[in-house]
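The next block holds one structure in the form of C-alpha cells; read it before the comments.
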Amino acid sequence: MTPYARRGVHGQTVELLARRVLSGEIPEGATLDLVALQSELDVSLTALRESLKVLAAKGMVDARQKRGTFVRARADWNLLDADVLRWQFEGGRATEADEALLRNLGEVRAIIEPAAVRLAAQRRTDVDLAALESALEAMGEEDTDATHAVEADLAFHRALLAATHNELLERMEMVIESGLAHRDRIVHSSPHSDDPVPSHRAVLDAVRDQDPQAAEAAMRALLDQAVRDLDRLSASDDTKGPRGK
C-alpha cells in the first residue's frame with residue numbers, strides 16, 4: 001500500500017491531519033477550524049474537505065450541522081485500518097498509547113499466527129516454501145541493515161499467511177505488518193538484539209515437514225521471544241530516565 005504522503009498534496013494533507021489527531025495535538029472532541037487549517041496548510045478548501053473525508057471513512061472525524069467537523073472519540077477510530085496503524089506508529093516520539101497498542105497487536109498475533117502456521121504446514125506448496133526460504137536468506141545476510149532486516153521479516157510472515165491459502169487470513173497481513181514493522185525497527189536498531197534467524201528457521205522447518213504441532217510450537221516460541229525483546233528494550237529505556245530523553 002502506497003503511503004498517502006507519496007500521493008501528492010492531498011495525501012500529504014491526509015497524513016498530516018491524521019498524525020495530529022493520533023498524537024493528541026488535535027484532541028478528541030475538538031472542532032476543526034477549516035479556514036485556519038486551509039490557510040496554514042496552503043491548500044484549497046476543496047482539497048482540505050477531501051482529505052477530511054478520508055479520515056471520516058476511518059472513523060477519526062465527523063461533521064454535524066451547527067457543530068462543524070470534529071474529532072471523534074478514539075473508541076470510534078478504525079484501529080485495524082492499515083493506514084491508521086501505520087500513522088500511529090510512525091508519528092514520532094512513542095507514547096504510552098503507542099506502547100499499549102503495540103502490546104495489543106502482540107496479543108492479536110499470538111492468537112492468529114500460531115493457528116495460521118498450522119494451516120500453512122498442512123497446505124504449503126513448493127512456491128510457498130521458496131518464498132519463505134528467500135525471506136529467511138535475506139534475514140540472515142551479514143550486511144543486512146535494520147531497514148532490510150525489517151523488510152525480510154515482514155516478507156517471511158507475509159509468506160506464512162499466504163501459505164495458509166485462506167483469503168481472509170492473508171488479509172490479516174495489513175494488521176500484523178504495521179505492528180510488526182514498528183517492533184522490528186525498535187528491536188533491529190538495538191545493538192543487543194538477538195539473531196532472528198534460528199527462531200524463524202524452526203518455523204520454516206516445521207512447515208516444510210508438514211508438522212502442524214511443531215509449527216505452532218515454533219511460532220509460539222518466536223512470539224514469546226518477541227515479547228521478551230520488547231520487555232528488555234522497555235526496561236532499558238526506563239533506566240534512561242523520562243520518556244523521550
With a 4.5 Å heavy-atom cut-off, do [X] and [Y] have their side chains touching?
{"X": "His148", "Y": "Glu151", "value": "yes"}
{"X": "Leu105", "Y": "Leu85", "value": "yes"}
{"X": "His157", "Y": "Leu222", "value": "yes"}
{"X": "Leu37", "Y": "Leu17", "value": "yes"}
{"X": "Arg19", "Y": "Glu25", "value": "no"}
{"X": "Leu79", "Y": "Arg74", "value": "yes"}
{"X": "Asp153", "Y": "Pro196", "value": "no"}
{"X": "Leu22", "Y": "Met60", "value": "yes"}

Spacing of [atom1] belonging to [X] relative to [atom2] belonging to [Y], to within rounding of 0.5 Å:
{"X": "Arg158", "Y": "Leu132", "atom1": "CZ", "atom2": "CG", "answer": "11.5 Å"}
{"X": "Asp126", "Y": "Arg208", "atom1": "CG", "atom2": "CZ", "answer": "10.0 Å"}
{"X": "Leu45", "Y": "Gln38", "atom1": "CG", "atom2": "CD", "answer": "5.0 Å"}
{"X": "Leu160", "Y": "Arg124", "atom1": "CG", "atom2": "CZ", "answer": "12.5 Å"}
{"X": "Ser44", "Y": "His10", "atom1": "OG", "atom2": "NE2", "answer": "11.0 Å"}
{"X": "Leu169", "Y": "Ile112", "atom1": "CG", "atom2": "CD1", "answer": "7.5 Å"}

Which side chain to side chain donor-acceptor pair (under 3.5 Å) pairs, counting each pair once, include a residue from residues 212-222, with sequence neighbours left out?
->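 Found Arg118-Glu216, Glu216-Arg220.
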Test: [X] and [Y] ion pair at under 4.0 Å:
{"X": "Arg171", "Y": "Glu167", "result": "yes"}
{"X": "Arg123", "Y": "Glu170", "result": "no"}
{"X": "Glu133", "Y": "Arg201", "result": "yes"}

Which atoms form the tightest heavy-atom contact between [X] and [Y], and what is the distance?
{"X": "Leu161", "Y": "Met172", "answer": "CD1-C, 4.1 Å"}
{"X": "Arg72", "Y": "Trp77", "answer": "O-NE1, 3.0 Å"}
{"X": "Ala121", "Y": "Ala215", "answer": "CB-CB, 4.2 Å"}
{"X": "Met219", "Y": "Val203", "answer": "N-CG2, 3.8 Å"}
{"X": "Thr125", "Y": "Asp128", "answer": "N-OD2, 2.9 Å"}
{"X": "Thr69", "Y": "Ala63", "answer": "OG1-CB, 3.8 Å"}

Do Ser51 side-chain atoms and Ala47 backbone N/O form a donor-acceptor pair below 3.5 Å?
->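 Yes, Ser51 side chain to Ala47 backbone: donor-acceptor pair under 3.5 Å.
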Starting from the C-alpha separation in whole Å, work towards a yes-or-no answer on side-chain contact (heavy atoms from CB on, under 4.5 Å) for Val117 and Glu113.
-> CA-CA 6 Å; Val117 80; Glu113 291 197 271; over 6 Å; no
Do [X] and [Y] share a hydrophobic cluster (ILVMFWY, side-chain heavy atoms under 4.5 Å, transitive)?
{"X": "Ile26", "Y": "Leu34", "value": "yes"}
{"X": "Val54", "Y": "Phe70", "value": "no"}
{"X": "Val227", "Y": "Leu223", "value": "no"}
{"X": "Leu119", "Y": "Val127", "value": "no"}

Tell me, with the steps shown, if Leu32 and Leu52 meet side-chain contact (heavy atoms from CB on, under 4.5 Å).
-> CA-CA 10 Å; Leu32 303 180; Leu52 289 169; 3.7 Å; yes
